[in-house]
Amino acid sequence: MTERLSPGDPAPDFTLPTDKGDTLSLKDLRGRKVVLYAYPAAMTPGCTKQACDFRDSLGSLQAAGYEVVGISPDVPAKLAKFRDRDAITFPLVSDQDKSVLTAYGAYGEKQMYGKTVTGVIRSTFVIDENGVVEHALYNVKATGHVAKLRRDLAID
């Protein structure tokens, strides 16, 4: 079973390629709050809905001091296509070997259509300005999750 993070844990650092062809490091975001969300695959219906919900909420999240970063095992070229197709306005990072997803407990066994499979566990992590996990939410729903997260964070 994949080890899951809990509030108070240090957020595992990473440096990963982005949808724009550069790299993003968690340590570069120190001093800001970060919403890091893990999703299984770009351009699938659920992941598109979730990304668009984050996109549509980005203004209020940023006004409350949060940066949003999406992470999946997709290659950067697919992430760029996803960004362009759906006008995604926050960074998408590529974790092709799933090492960062695994470190966050967001890759491992999950239930899918009544079967146990191995894959990305749709998850969201709220990380404080010092790199400490404030919230670790696993098995979140693609639809309605961003609205619930905003309520939980008292945004709006």
Side-chain angles (χ1 to χ4, degrees), residues 1-55 57-58 61 66-83 86 88-146 148-149 152-153:
M1 186 69 187
T2 303
E3 188 80 24
R4 293 191 168 186
L5 296 177
S6 299
D9 287 344
D13 206 1
F14 60 81
T15 300
L16 292 171
T18 73
D19 57 311
K20 295 196 174 181
D22 51 8
T23 59
L24 178 78
S25 295
L26 183 61
K27 67 178 185 255
D28 294 340
L29 298 173
R30 288 288 189 273
R32 291 179 267 174
K33 296 181 241 179
V34 177
V35 174
L36 176 68
Y37 82 96
Y39 61 97
M43 299 196 293
T44 57
C47 296
T48 298
K49 173 68 176 142
Q50 187 179 23
C52 291
D53 282 353
F54 272 114
R55 176 201 65 205
S57 292
L58 191 62
L61 287 164
Y66 292 92
E67 297 296 326
V68 174
V69 177
I71 182 172
S72 77
D74 296 305
V75 298
K78 186 176 181 186
L79 296 176
K81 189 174 177 185
F82 186 37
R83 176 199 68 223
D86 295 298
I88 306 299
T89 52
F90 52 84
L92 301 172
V93 296
S94 170
D95 182 25
Q96 291 178 67
D97 69 4
K98 304 169 194 80
S99 61
V100 176
L101 289 162
T102 300
Y104 276 81
Y107 184 81
E109 285 189 356
K110 64 180 183 175
Q111 293 297 308
M112 192 169 187
Y113 306 113
K115 293 184 178 170
T116 300
V117 298
T118 299
V120 176
I121 299 162
R122 191 179 304 276
S123 309
T124 299
F125 307 93
V126 179
I127 303 164
D128 74 10
E129 300 89 339
N130 299 310
V132 175
V133 174
E134 288 186 339
H135 301 275
L137 309 167
Y138 294 93
N139 297 309
V140 301
K141 301 290 181 209
T143 303
H145 171 63
V146 176
K148 181 182 180 327
L149 181 67
D152 291 350
L153 297 175

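- Side-chain N or O atoms of N130 include none that pairs as donor or acceptor with a backbone N or O of V132 at under 3.5 Å.
- In this structure, CZ in R30 is found 11.0 Å from CD in E129, a value given to the nearest 0.5 Å.
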Please step through side-chain contact (heavy atoms from CB on, under 4.5 Å) for the pair L36 and I71, ending with a clear verdict.
CA-CA 7 Å; L36 176 68; I71 182 172; 3.9 Å; yes
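- Contact between P12 and L5 at its shortest, heavy atoms only, is CD-CD1, 3.7 Å.
- Contact check for P91 versus K20: no side-chain heavy atoms found under the 4.5 Å cut-off.
- Here the closest heavy-atom approach between residue I121 and residue G108 is recorded as CD1-N, 3.9 Å.
- Counting heavy-atom neighbours within 6.0 Å of K81 NZ, excluding the residue itself, gives a total of 12 or less.
- Between atom CG of residue D95 and atom OH of residue Y107 there is a gap of 10.5 Å, rounded to the nearest 0.5 Å.
- Between L101 and P73, the closest side-chain pair of non-hydrogen atoms falls below 4.5 Å.
- Formation of a donor-acceptor pair under 3.5 Å by the D19 side chain with backbone atoms of L92 is found in this model.
- From F82, atom CZ reaches atom CG of D74 across 8.0 Å, with rounding to the nearest 0.5 Å.
- Proximity of K98 to V120: side-chain heavy atoms (C-beta onward) are nowhere separated by under 4.5 Å.
- The shortest heavy-atom contact between K49 and A142 is CG-O, 4.3 Å.
- Each of I88, T89, L149 was evaluated against F54; a single residue qualifies, L149, per the side chain to side chain contact (heavy atoms under 4.5 Å, CB included) test.
- Cation-pi contact between R4 and Y138: present, with separation from the ring centre below 6.0 Å and deviation from the ring axis of at most 45°.
- Taking both residues in full, the closest heavy atoms of R122 and K141 are given as CD-C, 4.0 Å, listed atom of the first, atom of the second, then distance.
- Counting only heavy atoms from C-beta outward, the side chains of V140 and Q50 approach each other to under 4.5 Å.
- Taken from NZ in K27 to CZ in F14, the straight-line distance is 10.5 Å, to the nearest 0.5 Å.
- Atom CG in L16 sits 10.5 Å away from atom CG in L79 (nearest 0.5 Å).
- A side chain to side chain donor-acceptor pair (under 3.5 Å) with T116 is found for one member of E109, K110, Q111 and no other, namely Q111.
- Two residues are said to be in side-chain contact when any heavy atoms from C-beta on lie closer than 4.5 Å; S72 and C47 fail this criterion.
- Closest of all the heavy-atom pairs between Y39 and A42 is CE1-N, 3.7 Å.
- Pairing each heavy atom of S6 with each of D9, the nearest pair is N-OD2, 2.8 Å.
- Looking only at side-chain heavy atoms (C-beta outward), Y37 and F90 come within less than 4.5 Å of each other.
- Within the model, atoms CG of L58 and CD of E67 stand 7.5 Å from one another, a figure rounded to the nearest 0.5 Å.
- In this structure, the side chain of R55 engages the main chain of D86 through a donor-acceptor pair within 3.5 Å.
- Using a 3.5 Å distance cut-off with no hydrogens or angles, the side chains of H135 and T124 do not pair a donor with an acceptor.
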